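The structure appears below as structure tokens.
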Amino acid sequence: MEFLSSTFTSYMALVPVTLSQSLILAFVVMGIMIPFRTLHFPDLTSEGAYPLGGCVCGVLIAAGVNPALAIVAALLCGFLAGCCTALIHLRFRIHTLLAGILMMTMLYSINLRIMGKSNLSIFGSDSVYNWAPFVTPGFPASKIIIAGIIGAGVFLALNWFFKTEKGTALRAVGSNPAMAEAQGISVWVSTIVGVGLASAFSATSGALMVQSQGFADVNMGLGILINGLAALMIGEAVVGKQSVFRQLLAPFVGAIIYYQLVSLCLAAGMPPPDLKLATGLFVLAMLALPSLKRGRGAGGTPAREKFRE
Amino acid sequence: MLEIRSARKVFYAGQADEKVALDNLDLTLQTGEFGVVIGSNGAGKSTMLNAISGALPLDSGQILINGDDVTNTPVHTRATRIARVFQDPMLGTAASMTVAENMLLAELRSTKRTLARGLNAKRLADYKERLSALGLGLENRLETKVELLSGGQRQSLSLIMAVGGSPDLLLLDEHTAALDPRTADLVMQATVRAVDNLKLTTLMVTHNMQHAVDYGHRVIMLDAGRVKLEIGGAEKANVTVAKLVEHFAVKTDAMMLGA
Ligand SMILES: Nc1ncnc2c1ncn2[C@@H]1O[C@H](COP(=O)(O)OP(=O)(O)OP(=O)(O)O)[C@@H](O)[C@H]1O
Ligand SMILES: [Mg+2]
């Protein structure tokens, strides 16, 4: 009883902070959802694009650039990184996962170059969260409001875009590239733009996070992809993915639930270093579920290349 | 009009298992003409269609559509003039998207896609009407994902998608081969109706000799990557299944003698 109530109080105290974090990290989850689900282009670039956005934003803010401009710059850098991953895959026919790992590895050096050191404090600098209406800057509420507004904007924009003629074409490339091409859609352009867009979201997330925590770190992306995947799966389990609307909602809902769960585990005394193992096991369980349901032996050993996502 | 000029395609060139799939193939199809392509397995029929659509680059030769050389244009550019139905019902549609969305993609094949809303009321009404012509009830399932349709329904949808917008050239590669006889007949009837009504320049590959006899203006027989035989005009009107099969038989004999 004692344990439960102390867990509960420490968890409740963290709810606002966790909520603000999860709204910021929802953009990475979006950056993972688009390649994995919409484009069928399993992609790991986000693990490098997220710190890239953070580093670019950190350096610019330290140089006195407007925080909103710093986010836009981070977004553009992320877009370029995603384009590179897509190009590596398309031009050299390298597996998407490997293309992403290559990009992520190279980005680590690039991020270090951008910052010139592994860690940069921008504590006390102006941030977009200072512009939140009605609330005192610096509190979680301001972050929830700003990240929430941007998130709602992104959600509405994507929900509109994916139903336009161009957006429908982009989804077709993910659904059946050969068919899309036969319908006059350039698979190259769509893939490059789509993966670029996804990485732009990851970078935006990194930029928002840096402004929220007051420092940038080259290692800030470590494990972000698996966290994002876990969040995505939770979101899809809750809201489903049958329609464009639900599929777009899943990253936000998933991020919110996932980070609250993490916070609950930590409040219950789980040592933080074990978190990655727990998340990894969770993702593994979610991926394994369909095959466990089908039972072992059915279908024999899968062909090496035919793994899912 | 479609012109293929000495098209050549060699797979595994220079290797032990080198395979000449198209051997300086020449073929001309007049505007509005319906050509039926027959030939044994491995004769190069699919390779020819892939070369026309741009899915396979030629080693040499040229492809002209309405006089324009399209030999070096990519698939998606050629798609503005060419519509295609594949043998595999899975290939021609986007499975995870709805019937209406698939119709939309096909409608936009030859136009520039904009940032306007894709599925508007006018389009939906138009799709409903076009699909109802099939008599499969697809017009009431516009919001259904294509993956939930049967192979026959998917193939019928592919056909309606392909003939919409009157493409300069329609390519059909054994598009009824994967269907049960009744559905195959239905899809075939719909094909012939559309091709006749819209006067589509069409190239249809089939292994069904009855279809080759019944439909089209000209039978084109491929063998080892070349046109071995063409039957058109009055001769086509009088040709029989037995006669067509004879040409296959002669070839087999020739092969045995040659070997
Ligand atoms: N992608 C490819 N790679 C290697 N060889 C190929 C390829 N595509 C076709 N071939 C070879 O080219 C030749 C012609 O094949 P094609 O598929 O055009 O025949 P087809 O006339 O369509 O036969 P079918 O009636 O069986 O469909 C065959 O010998 C085939 O093995
Ligand atoms: Mg074939």
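Quick caveat, the model's predicted, so the values are computed rather than measured. A note on names: the letters A, B, ... follow the listed sequences, proteins ahead of strands, and every chain is numbered from 1.
- Looking at N102(B) and Q183(A), their side chains never come closer than 4.5 Å, going by heavy atoms from C-beta outward.
- For T114(B), the parts sitting under 4.5 Å from any heavy atom of chain A are the backbone and the side chain alike.
- Atom CZ of R117(B) sits about 6.0 Å away from atom NZ of K163(A), to the nearest 0.5 Å.
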Q | Stepwise side chain to side chain donor-acceptor pair (under 3.5 Å) test for E101(B) and T168(A) | A | CA-CA 7 Å; E101(B) 285 170 338; T168(A) 309; 5.6 Å; no
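- Panel note: side chain N176(A), backbone L91(B); a donor-acceptor pair is recorded below 3.5 Å.
- Contacts between M161(B) and chain A at a heavy-atom distance below 4.5 Å involve the side chain alone, from C-beta outward.
- Among S110(B), S158(B), A106(B), the residue with the largest count of heavy-atom pairs under 4.5 Å with chain A is A106(B).
- With a 4.5 Å cut-off on non-hydrogen atoms, W188(A) does not touch chain B at all.
- Per-residue heavy-atom pair counts under 4.5 Å with chain A were compared for T93(B), I82(B), T80(B), and the maximum is reached by T93(B).
- The CG atom of L115(B) lies 6.0 Å from the NZ atom of K166(A); values are rounded to the nearest 0.5 Å.
- Contacts between S53(B) and chain A at a heavy-atom distance below 4.5 Å are absent for every atom of the residue.
- Considering NE2 of H40(A) and OG of S96(B), their distance stands at 5.5 Å, rounded to 0.5 Å.
- Looking at R123(B) and E165(A), a side-chain N of the basic residue comes within less than 4.0 Å of a carboxylate O on the acidic one, giving a salt bridge.
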